Amino acid sequence: MSKRIQSIRGMHDVLPPHTAVWHDVESEIQKVLASYGYREIRLPIVEQTALFARSIGEVTDIVEKEMYSFVDRNGDSLTLRPEGTAGCVRAGVEHGLLHNQQQRLWYLGPMFRHERPQKGRYRQFHQIGVEAFGFAGPDIDVELILMSARLWRSLGLGRVRLEINSLGSTEARATYRQRLTTYLSANQGLLDEAERARLHKNPMRILDSKNPNLKTLIDSAPALMDELDEASRTHYDEVKLKLEQAGIAYLENPYLVRGLDYYNRTVFEWISEDLGAQGTICAGGRYDGLVEQLGGRATPAAGFALGLERLISLLTGQGAHFAGDHPHAYLVMVGERAEAVGIKLIEQIRDAHADLRIIANCGGGGFKAQLKRADRSGADAAIILGDEEASSGSVIIKNLRSQQEQRSIAQAQLIPYLNSICSIP
Ligand code: HAM
């Protein structure tokens, strides 16, 4: 017997009824994004490997060890996208959407990273990402943060905190990196192997380290904040002021450096206490240099992405209510005449009521077997048609979720009845 093929580790199926929860969450988010004037862009899942190496950074975990890269039949090196910003910028440059324009865009879809799977961390996961191009001022940073705060409110999500930081200009960061490398090099003995490897390549990531031996070292490390250039400092102060004016609470985290190289100035993360180690549900910031770096004209930019798996698991954990997608009714048809009348009737109902979810029995079967299927389908009610009802223009209705007696009504009364039991608008 051949061994059954299983899904790939860290890549999950989403099954019904859970898919209905995903739909609900996605459409709620899309409504909020549309209300701020953001429009959808659909991007390929596969891009040239060079795109990610050049944008995310050669010396990042993602590019060094997490990308799903392969050589295709033409000999080109391609990669399953580990995130959406690079592809969005590539598309914007390619289609002339960015130069001298303002764009507010969003995308949704699967991303791929070969990380060690654990709760909240997967190898295929889904992001909704938002990117704004052509805005240099702090107002767009605040708009993005306000929009994300509204997402949590509209989804009913509680217990998330906002952390912010400023990474300053690219030049200021380079100076800071130098200082930090010197400082950390003097204490090399405390670093583990992975951290020593990062020391010259990407020392700022060491500040992110969870290694308890480094706590004191990190606490007294030079702060990036002290190196901020004047323009970045003013920008950051304005972001903070506007957040305060808008009543958005935030925590300044000087060690928030992000795992992707393209950021500058404002960076932020929304973190939940309820998710354990993988608590960041949404993260982003400015990336004013990336468009030019990818061959476009210099264009300021900022954005964020949220992880749908983490968000949905949080929402379900907090007991959020979702509309669901169970059928409102199941049509039981016993007999040839009943089948002929039933199919016509059910199509008329669908004409009249596009929102109604109604399953027509397929595959025949006796009354009992069909009623059992009706019950298993999760439907609120069974509509029962035998040859007798078919001839007399009636149906029997049976509420499957209460002990009420079944009763006979005229076929013409079916729509008002379904409305009454199914809370259809
Ligand atoms: P990121 O921080 O790499 O940023 O990912 C954003 C969010 O995606 C994370 O906060 C998390 O919720 C989710 N996420 C990331 N990796 C995984 C994983 N392995 N499993 C489950 N969820 C995950 C970006 O991707 C940037 N492109 C965000 C951005 C957009 N910055 C500017 N514009």
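In what follows, every heavy atom counts, from backbone to side chain, and hydrogens, waters and symmetry copies are set aside. Every value quoted in this text rests on a predicted model; they were computed, and no experiment measured them.
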*Considering all heavy atoms, the nearest Gly285-Tyr263 contact*: N-CE2, 3.5 Å
_Intermediate values then yes/no, salt bridge (Lys or Arg N to Asp or Glu O under 4.0 Å), Glu163 and Arg161_ = CA-CA 7 Å; Glu163 294 193 358; Arg161 68 169 189 276; 2.8 Å; yes
*Nearest 0.5 Å, what's the NE2-CG distance between His328 and Leu418?*
9.0 Å
*Evaluate the salt bridge (Lys or Arg N to Asp or Glu O under 4.0 Å) criterion for residues Arg90 and Glu94: first the C-alpha distance (whole Å), next the side-chain angles of each, then the deciding distance (0.1 Å), finally the verdict.*
CA-CA 6 Å; Arg90 195 263 316 132; Glu94 190 169 328; 3.0 Å; yes
*Kindly indicate whether the side chain of Arg104, heavy atoms from C-beta on, has any atom under 4.5 Å from the side chain of Phe133.*
no
*Are the side chains of Tyr236 and Glu252 in touch, meaning some heavy atoms are under 4.5 Å apart?*
yes
*asked:* What I'd like to find out is whether the side chain of Leu356 reaches to under 4.5 Å of the side chain of Ile349, using heavy atoms alone.
replied: yes
_Side-chain ion pair, Arg159 and Asp274, N-O less than 4.0 Å_ = yes
_Please tell me whether Asn165 and Asn253 have a donor and an acceptor in their side chains that are separated by less than 3.5 angstrom._
no
_How close do Ser313 and Thr316 get, counting heavy atoms only, and between which atoms?_
O-OG1, 3.2 Å
*Between Glu131 and Tyr287, does a side-chain hydrogen bond (donor to acceptor under 3.5 Å, both in side chains) hold up when you go through it step by step?*
CA-CA 10 Å; Glu131 315 292 354; Tyr287 49 95; 2.6 Å; yes
_I need the Ile128 CD1 to Leu151 CG distance, nearest 0.5 Å._
8.0 Å
*Do Thr85 and Tyr262 have side-chain atoms, one donor and one acceptor, less than 3.5 Å apart?*
yes
*Nearest 0.5 Å, what's the OG-CD distance between Ser408 and Glu388?*
9.0 Å
*If you measure from CZ on Arg173 to OG on Ser232, what distance do you get to the nearest 0.5 Å?*
10.5 Å
*Do Leu224 and Pro254 have side chains that get closer than 4.5 Å, going by heavy atoms?*
no
_side-chain hydrogen bond (donor to acceptor under 3.5 Å, both in side chains) evaluation trace for Gln30 with Tyr38_ = CA-CA 9 Å; Gln30 286 165 21; Tyr38 286 73; over 6 Å; no
*Rounded distance [0.5 Å steps], CD in Glu339 versus NZ in Lys344*: 15.5 Å
_If I compare all heavy atoms of Thr299 with all of Arg297, which pair ends up nearest, and what's the gap?_
OG1-O, 2.7 Å
*Would you call Arg258 and Glu269 a salt bridge, using N to O less than 4.0 angstrom?*
yes
*asked:* Quick check on Gln404: does its CD atom have over 12 non-hydrogen neighbours (other residues, nucleotides or ligands) under 6.0 Å away?
replied: no
*Among Arg198, Arg116, Arg113, find the residue that satisfies the salt bridge (Lys or Arg N to Asp or Glu O under 4.0 Å) test when tested with Asp61.*
Arg198
*Atom CZ of Arg121 and atom CG of Leu275: how far apart are they, to the nearest 0.5 Å?*
13.0 Å
*Tell me yes or no: between the side chains of Trp270 and Thr280, is some donor less than 3.5 Å from an acceptor?*
no
*Heavy-atom pair with the smallest gap, counting every atom of Pro138 and Lys242*: CG-CE, 4.3 Å
*Can Glu58 and Lys201 be counted as an ion pair, charged N to O under 4.0 angstrom?*
no
_Quick one about Gln278 and Arg310 (side-chain donor to acceptor, distance below 3.5 Å, no hydrogens or angles considered), yes or no?_
yes
_Do the side chains of Arg286 and Asp141 get close enough for a salt bridge, i.e. N-O under 4.0 angstrom?_
yes
*Compare every heavy atom of Leu228 with every heavy atom of Gly168, then report the nearest pair and how far apart it is.*
CA-CD2, 3.3 Å
*Please determine if Lys215 and Asp219 form a salt bridge, counting it only when a charged side-chain N lies under 4.0 Å from a carboxylate O.*
yes
*When you look at Glu193 and Arg196, which way does the salt bridge (Lys or Arg N to Asp or Glu O under 4.0 Å) test go after all the steps?*
CA-CA 5 Å; Glu193 200 182 322; Arg196 264 200 296 277; over 6 Å; no
*Sidechain N-carboxylate O distance under 4.0 Å for Glu115, Lys65*: no
*What are the two closest non-hydrogen atoms of Asn202 and Val59, and how far apart are they?*
ND2-O, 3.0 Å
*asked:* What I want to check is whether the side chains of His23 and Asp325 have a donor and an acceptor closer together than 3.5 Å.
replied: no
*Does the pair Glu405/Lys398 count as a salt bridge with the N-to-O cut at 4.0 Å?*
no
*Given side-chain hydrogen bond (donor to acceptor under 3.5 Å, both in side chains), test Glu195 with Ser209 step by step and report yes or no.*
CA-CA 8 Å; Glu195 287 149 0; Ser209 169; 2.8 Å; yes
_So if I apply the ring-ring contact (aromatic ring centres under 6.0 Å, His included) rule between His12 and each of Phe125, Trp22, Tyr122, which one comes out positive?_
Tyr122
